[in-house]
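In what follows, a single structure is set out as structure tokens and then discussed.
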Amino acid sequence: MKLHNKLVLISVLGGIVLSACSTKKDTFVNRNWHALNTKYNTLYNGNIAFEEGREELNNTYKDDYWELLPVERLEVTEEIKLDSEDNNPNFIIAEEKATKAIQKHSMDIRDEERNPQTDEAFLLLGKARYFDQRYIPALEAFNYIINKYEYSDKLAEARIWREKVNIRLENEELAIKNLKWLMKYEDLKEQEYADARAMMAQAYINLGVRDTAVQQLKIASYYTKKNPEKGRYYYIIGQLFNQMGHKDSANYAFDKVIDLNRKSPRVYMINAEVEKIKNTEVTEANKEEMFEYLTDLEENRENRPFLNIIFRQIAEFHLQQENDSVALAYFNKSLRATQNEPKLNALNYENLAVYNFDRNEYKLAGAYYDSVLPNLKENTKKFRSTKKKLDNLEDVVKYEDIVQHADSVITLYQLPKEKQIAFFEDHINTLKAAEEAAAKKEEKRQNAGFAQFAQSKGGKENKGKFYFYNVTSLGYGKNDFTQRWGKRELADNWRWSDKSRALPSEATGDAVAASATEGSDAGVDDKMSLDFYLDKIPTDEGFIDSLQTERNFANYQLGLIYKEKFKENMLAAEKLEDVLASNPEERLVLPSKYNLYKIYEEEGSPLLASMKADILKNHGDSRYAEIILNPRAVLEDDADSPEARYATLFRMYQQQQFLRTITGAEENIEKFTGDPIVPKLEMLKANAIGRLNGFEPFEESLNYVALTYPNTPEGKKAEMIVSEQLPKLAVTEFSPEQGSTGTNNWKVVFPFRRSNDQIALRVMKELEEAIKDLRYKNIVSKDIYTLEEQFVVVHGFKSKDYALGFAELIKFNKDYLIDNENFVILSDNYKIVQVHKNLQDYKNQILTPKP
């Protein structure tokens, strides 16, 4: 009987369970069965995965405190994500669980949802998609809740999330409209009201309406129960007030952040402290108080993770107080304490670069600017401006090195012999003192190590034994070796300071070994030899003159760079005045004076009148004098302006009037010396020389442009051509033409003397008419070869046979009878002939039959 009752009970319970699994029956058991399964199974696991995903985002996301913070901590990329892409695994799990809850437990009966947990499943689905940046699918989920579940307790939350999506999709006006409707007609909980206001603030921030955004954030910070959100909202309010220029209001907001102390993340508090300090003007009255405040921030153990920004603020304080050495030390401290914060690194390096540039330490400034670039995003305005400064600094460093080297050599050359000797004796004594100090320091360190070893067990056991176990003997030996040989790495041929001079292993012989040893000893002793330095002072006046010329040109280039690119008129004037005071070449005198005239004019210098009188008196027939008397002469539409002259010469170049281009360029280079048009004229002249005279003169001309005008676009282009293109053009070996095939790579060439230009033009016209009559698609051109020779060329034959056939056709066909001398050539070989002007070599190698 008992067994029978158990079977009946099990059957009944099984029937109830099976009937409860149905999603089509609207019964109390069914509704509660699916609601419980949804809440405590699928949604429970889904919500756990969702929260883990959010926590992971919070842990990996880093706010950029140098920019206005977003209201919501979410890293947004520019990429558009698709459903098929690999997304955050936690959010994928959350989405899968929400989808499973909807598919297996939704009870949509007669167009009404009977499972009260389904709306939460849709909400989880939308939130998971939102944090994976799949905004359109997320919008669909939130809209489904709004349209389907009119009496859901999640309706307001769904509406707020929908407006979050609209803001991400840049539909700020729609989001504001919907949020206003929500707050007007819906009864919101305090946290929902705070969230709605915060989202409205983000929408207004995106639209640039800062004052309204501030009001919305104030309300949100009042109603939110989450202290981390309070801290974030107050901080953003402070940032917005800073952007509007209301520093007092900003500081009030930052004080609110600071007052929260440990209730919100400390990062908000520290950055609020820093921003508040930035907004406070340092005066004599509060200087000590500010210093103590910064010191307290630095010494507080809780602030150790934020020392990078604290150090930077201390550095800026000391820089403002002109405590330069302390400021530099703290900038470097900030750099050492900074990890994975490129903007902070960029700011610190830029401060160091500017500091060194202002003190004419151009090498250091260039090195720091070079460190700024990797910490900036490419293709940004800041990146481009920094790159431009770095490029300009490279030229400055180059020319300053030239000036420094020339000055030092010329100064030594001009010193009397006794002063030269005294100078180098002081230098040698300094080297000796440094070596002795280093040796004493090393000896002290070694002795301390030996003494420590002597007191150890191993030292006591080995005392008085083998040399290397005797501390005293070892110390003397090491000191003697260091004094004799210096510091040497453990390597083969250790006696050689210059390994490139080491003998190969098979070299033998006492004489060679003695010579090598003598050479190695000389390298060590030379630094202490007076004759070594005196012998290096040049005695050739021609060499000194060349150094002076080089120095004057470098100073002139520096003057232009400082004036035009860095707007440093005082530095520029100093360099140009140095040029005029150093007996410069004639070509540098007038442009230096004119640029000084422009600087004096811009700075309102009393030297303006005298410089103007000098130019008008001594260079009255120059273009610069004309510009001073008639400023309209510099207008670009002036028919005689440098730009107009260049345009005329460029047209000549295009018309293959290369000789006229060269002579015209030379004339105008002389006339416009110092004008920015000169490098353009030099480059045009170089190209014309290359087309007329061939590879070697072209290379020489390009090198001249690259070396003479290295800081101009033309100079840089010439350098690029020399390094990258000329090696390819240097090939003089002709390609074998026998069996060569290809498309449109053969030419028929008719050579003519330049004196027979009329005949060449007549043949060219006849060829064009023949091609048109034969319905060919070839092109005819007249190419200059040298000063005496030119070619009429028919281009575009598919093979050598086609080209030979055409030449034979026009020679014997009675309609044409063009029997002028010609030859067929491969396009690659024609290029070599034109570049190297070696037609005779081509004829000897290719056209002349081999015996």
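- With a 4.5 Å cut-off on side-chain heavy atoms, F806 and F797 count as touching.
- Listed by chain and number, the residues in a side-chain hydrogen bond (donor to acceptor under 3.5 Å, both in side chains) with E602 are N569 (sequence neighbours excluded).
- In this structure, OH in Y399 is found 8.0 Å from CG in L558, a value given to the nearest 0.5 Å.
- In this structure, F791 has its ring center no closer than 6.0 Å to that of F752.
- Counting only distance, with no hydrogens or angles, the side chain of N595 and the backbone of L560 share no donor-acceptor pair below 3.5 Å.
- Interatomic distance, OG of S735 versus CG of D828, reported as 5.0 Å (0.5 Å rounding).
- Among residue pairs with one or both ends in residues 776-793, those qualifying as side chain to side chain donor-acceptor pair (under 3.5 Å) are D757-K782, D757-Q790, S781-D783, S781-H795, K782-Q790, D783-Y830; sequence neighbours excluded.
- With a 4.5 Å cut-off on side-chain heavy atoms, F734 and D841 count as touching.
- With a 4.5 Å cut-off on side-chain heavy atoms, N838 and V833 count as touching.
- In this structure, CG on L608 lies 11.0 Å from CG on L596, to the nearest 0.5 angstrom.
- Formation of a donor-acceptor pair under 3.5 Å by the E714 side chain with backbone atoms of M683 is not found in this model.
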Only pairs under 3.5 Å count here: list side-chain donor-acceptor contacts from residues 807-822, not counting sequence neighbours, and write none if there are none.
from, atom 1, to, atom 2, distance (Å)
N813, OD1, D815, N, 2.8
Y816, OH, D773, OD2, 2.5
N822, ND2, N820, O, 3.0

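- Counting non-hydrogen atoms of neighbouring residues, nucleotides and ligands closer than 6.0 angstrom, the OH atom of Y413 exceeds 12 such neighbours.
- With sequence neighbours left out, H405 forms a side-chain hydrogen bond (donor to acceptor under 3.5 Å, both in side chains) with no residue at all.
- Atom NZ of K680 is surrounded by 12 or fewer heavy atoms from other residues, nucleotides or ligands within 6.0 Å.
- Side chains of D358 and V354 form a contact here, defined as non-hydrogen atoms less than 4.5 Å apart.
- A pairwise comparison of heavy atoms in S592 and V579 identifies OG-CG1, 3.7 Å as the closest pair.
- Under the side-chain hydrogen bond (donor to acceptor under 3.5 Å, both in side chains) criterion, Q840 pairs with N844, sequence neighbours left out.
- One finds the CG atom of L364 at 12.5 Å from the OH atom of Y369 (value rounded to the nearest 0.5 Å).
- A side chain to side chain donor-acceptor pair (under 3.5 Å) with Q834 holds for exactly one of K837, K831, H836; it is K837.
- Residues in residues 649-666 take part in these salt bridge (Lys or Arg N to Asp or Glu O under 4.0 Å) pairs, two or more places apart or across chains: E666-K685.
- F658 is not listed as a side-chain neighbour of L787, based on a closest heavy-atom distance of 4.5 Å or more.
- Taking both residues in full, the closest heavy atoms of F698 and I689 are given as N-CG2, 4.3 Å, listed atom of the first, atom of the second, then distance.
- For the residue pair D407 and R551, the shortest heavy atom distance occurs at OD1-NH1, 2.8 Å.
- Counting heavy atoms from C-beta outward, K388 and D391 have side chains that stay 4.5 Å or more apart.
- Within a 6.0 Å radius of CD in E766, other residues, nucleotides and ligands contribute more than 12 heavy atoms.
- A803 approaches V748 most closely through the heavy-atom pair O-CG2, 3.6 Å.
- With sequence neighbours left out, the salt bridge (Lys or Arg N to Asp or Glu O under 4.0 Å) criterion links E361 to no other residue.
- Atom CD1 of I677 is separated from atom CG of N668 by 9.5 Å, given to the nearest 0.5 angstrom.
- Within 6.0 Å of atom NZ in K343, more than 12 heavy atoms from other residues, nucleotides or ligands are found, so the atom counts as buried in its surroundings.
- Nearest heavy-atom pair, A760 versus V792, reported as atom, atom and distance to 0.1 Å: O-CG2, 3.7 Å.
- For the atom pair L629 CG and I615 CD1, the distance stands at 10.0 Å (nearest 0.5 Å).
- Sequence neighbours left out, not one pair with a member in residues 686-701 passes side chain to side chain donor-acceptor pair (under 3.5 Å).
- Closest of all the heavy-atom pairs between P584 and V589 is CG-CG2, 3.8 Å.
- Screening residues 369-386 for salt bridge (Lys or Arg N to Asp or Glu O under 4.0 Å) gives E350-K382 as the qualifying pairs, with residues at least two apart or on separate chains.
- For the side chain to side chain contact (heavy atoms under 4.5 Å, CB included) test, residues two or more places apart in sequence or in another chain that qualify with P538 are V409, F543, I544.
- In this structure a side-chain-to-backbone donor-acceptor pair under 3.5 Å is present from S827 to N745.
- Relative ring orientation between Y842 and F823 is described as tilted, the plane-to-plane angle lying within the 30° to 60° band.
- Under the side-chain hydrogen bond (donor to acceptor under 3.5 Å, both in side chains) criterion, Y646 pairs with no residue, sequence neighbours left out.
- Applying the salt bridge (Lys or Arg N to Asp or Glu O under 4.0 Å) test to pairs two or more places apart or on separate chains, those with a residue in residues 589-599 are K593-D614, K598-E601.
- Residue-environment remark: NZ (K612) stays at or below the threshold of 12 foreign heavy atoms within 6.0 Å.
- Residues I628 and H619 fail the side-chain proximity criterion, which asks for heavy atoms closer than 4.5 Å.
- When the shell of 6.0 Å around CD of E585 is examined, it contains more than 12 heavy atoms from other residues, nucleotides or ligands.
- No more than 12 heavy atoms of other residues, nucleotides or ligands lie within 6.0 Å of NZ in K717, so this atom counts as exposed by the packing criterion.
- At most 12 heavy atoms of other shown residues, nucleotides or ligands fall within 6.0 angstrom of atom CD1 in I779.
- Taking the six-membered ring where the residue is Trp, Y556 and F553 present tilted rings, their angle falling between 30° and 60°.
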